[in-house]
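See below for the structure under consideration.
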There are 2 protein chains.
Amino acid sequence: MATIAVENYLKHALLLAERSPDGLVPMGELATALEVVPGTATTMVKALADSGLVVHEPRRGLRLTAAGRRVALNVLRKHRLVETFLVNVLKMDWAQVHAEAEQLEHAISDAVLDRLDALLGHPATDPHGDPIPSVEGTLNSAVYATLATCATEVALRVVRVTDQSADFLTFAEAHGLRPGAVVQVVDRNLPAGLVTLRRPRGKPFALSLAAAGRIWVAPAEAG
Amino acid sequence: MATIAVENYLKHALLLAERSPDGLVPMGELATALEVVPGTATTMVKALADSGLVVHEPRRGLRLTAAGRRVALNVLRKHRLVETFLVNVLKMDWAQVHAEAEQLEHAISDAVLDRLDALLGHPATDPHGDPIPSVEGTLNSAVYATLATCATEVALRVVRVTDQSADFLTFAEAHGLRPGAVVQVVDRNLPAGLVTLRRPRGKPFALSLAAAGRIWVAPAEAG
DNA sequence: GGATATATTTTGACAAATCAAAATCAACGC
DNA sequence: GCGTTGATTTTGATTTGTCAAAATATATCC
């Protein structure tokens, strides 16, 4: 069985590879994501390469192998199902659950995972709208517009909030910006770096372009 | 925060101390419980003593300090509440849940623990009848008769099954010997080391004295 | 195309937890 | 009281994952 450290390296490699067109993850990005110094990442990646979980391209970065990706998807599935459980069943604050899931993802067995999945009704996304890898190992990687890039003055539905920091999530929650919520962009002031939003029957409020870029939206459907 | 190893040493020290009149735990017993060689236990116990979690009495054994006992009770509470969750909510087999809880006990936070406790309705015992330490740190250490020592030919209620091995628990389950079940001792043959039991409307069946000693019972109340 | 900046790798060290095997201590029997 | 037995401790080594800092390779910029 993979150690906790190995699981974390693979999980972060997967998340970074998903955001990279060619699947190559630079060492520095991996080190930053894992909060280790670059030399540590190099050492570990070489060990992972020896185990056949990644391919190390010296001075360029790393790529997950099929075996590594399988492990990473399993960990990510645990992480996101645990988050869903903590919010939906234990009624915990969505701003806290990421930190909890970081621990639990390494402690729950596949047997518990399956039961949890059934209890939750096989959800497709976690409370942040992040897609939950299927048990077969597929990951929905659909890309949406964000509040920084979408059309203005039209009704939108929040589909995903791609920031795990408790502060940001608490802010988003306070303004009703969680998956499923309806919102529209009232104004976008690029020089000022500001986006102004309004929720139905709510007051307009502003947030930075950077923050708006972390909130993914789709056209609001009727109903 | 205590490491997983530290939590395990303290938890097993607590379990062994509970079964010892003076609270002194011999090194060898601790090493056996933790499945490490004796030298490892010595090294670790000295480190725990330096942290003020245990008192090491050289060549005699160790004793938990108040601080160590507090940590141990918290871990044990997590273990037993997780077991209860896995059986009561996720409907897992009671023979499997001990192994699962061994991992999860080190991964769940106190915040999750509290939510779980509330979800389960603040249970006093886990699915094996083992008492769950209270949040204040008290542990019900009531001692009962066992099927090896109790009166014969009277109705009894199973209150606790003190064996974590999956094989034994599967056997017990198959014969309906779980906490709450009613049973009586038909015969006890000491030379043969055999106890014969019968459940209401069931066929008599036998088990060894050693096995019978792991099933704790109380007089069955009316109703 | 050579100097400079940046990313990556190497090297040497360290902490935590473990084992194997030798050394030591305590107790017990006679 | 002295040797033997069994439990415990000591010693030296190993594995995993990490850091600090030096060395090296790559990219970029006039």
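Below, chain A is the first sequence line, B the second, and so on; all start at residue 1.
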Does any part of the side chain of A:Leu194, heavy atoms only, come nearer than 4.5 Å to the side chain of A:Leu209, both counted from C-beta? no

Quick one: does B:Lys78's side chain get under 4.5 Å of B:Leu116's, heavy atoms only? no

For [X] and [N], give me the distance from atom [atom1] to atom [atom2], rounded to whole Å.
| X | N | atom1 | atom2 | result |
| --- | --- | --- | --- | --- |
| A:Leu48 | D:dT16 | CG | P | 12 Å |
| A:Leu24 | D:dT26 | CG | C1' | 14 Å |
| A:Arg59 | C:dA7 | CZ | P | 13 Å |
| A:Met27 | D:dT26 | CE | C1' | 15 Å |
| B:Leu34 | D:dT8 | CG | P | 14 Å |
| B:His106 | C:dA16 | NE2 | P | 18 Å |
| A:Lys46 | D:dT18 | NZ | C1' | 16 Å |
| A:Glu57 | C:dT9 | CD | P | 11 Å |

Counting any heavy atom closer than 4.0 Å, what does A:Gly39 reach on the DNA or RNA strands: base, sugar-phosphate only, or nothing? base

What is the nucleic acid contact for A:Thr3, judged by heavy atoms within less than 4.0 Å: base, sugar-phosphate only, or nothing? sugar-phosphate

Any idea which of C:dT9, D:dA20, C:dC19 is nearest the B:Val37 side chain? C:dC19

Any side-chain N or O of [X] below 4.0 angstrom from OP1/OP2 of [N]?
| X | N | value |
| --- | --- | --- |
| A:Tyr9 | D:dT16 | no |
| A:His56 | C:dT8 | no |
| A:Thr40 | D:dT18 | no |

Are A:Arg77 and A:Glu136 ion-paired here, with the side-chain N under 4.0 Å from a carboxylate O? no

Looking only at the side chains, is there a donor atom on one of A:Ser165 and A:Asp163 sitting less than 3.5 Å from an acceptor on the other? yes

Closest to the 5' end of DNA chain D, once A:Pro58 and A:Ile4 are matched to their nearest nucleotides, is A:Ile4

Separation between NE2 of B:His128 and CG of B:Leu169, rounded to the nearest 0.5 Å: 4.5 Å

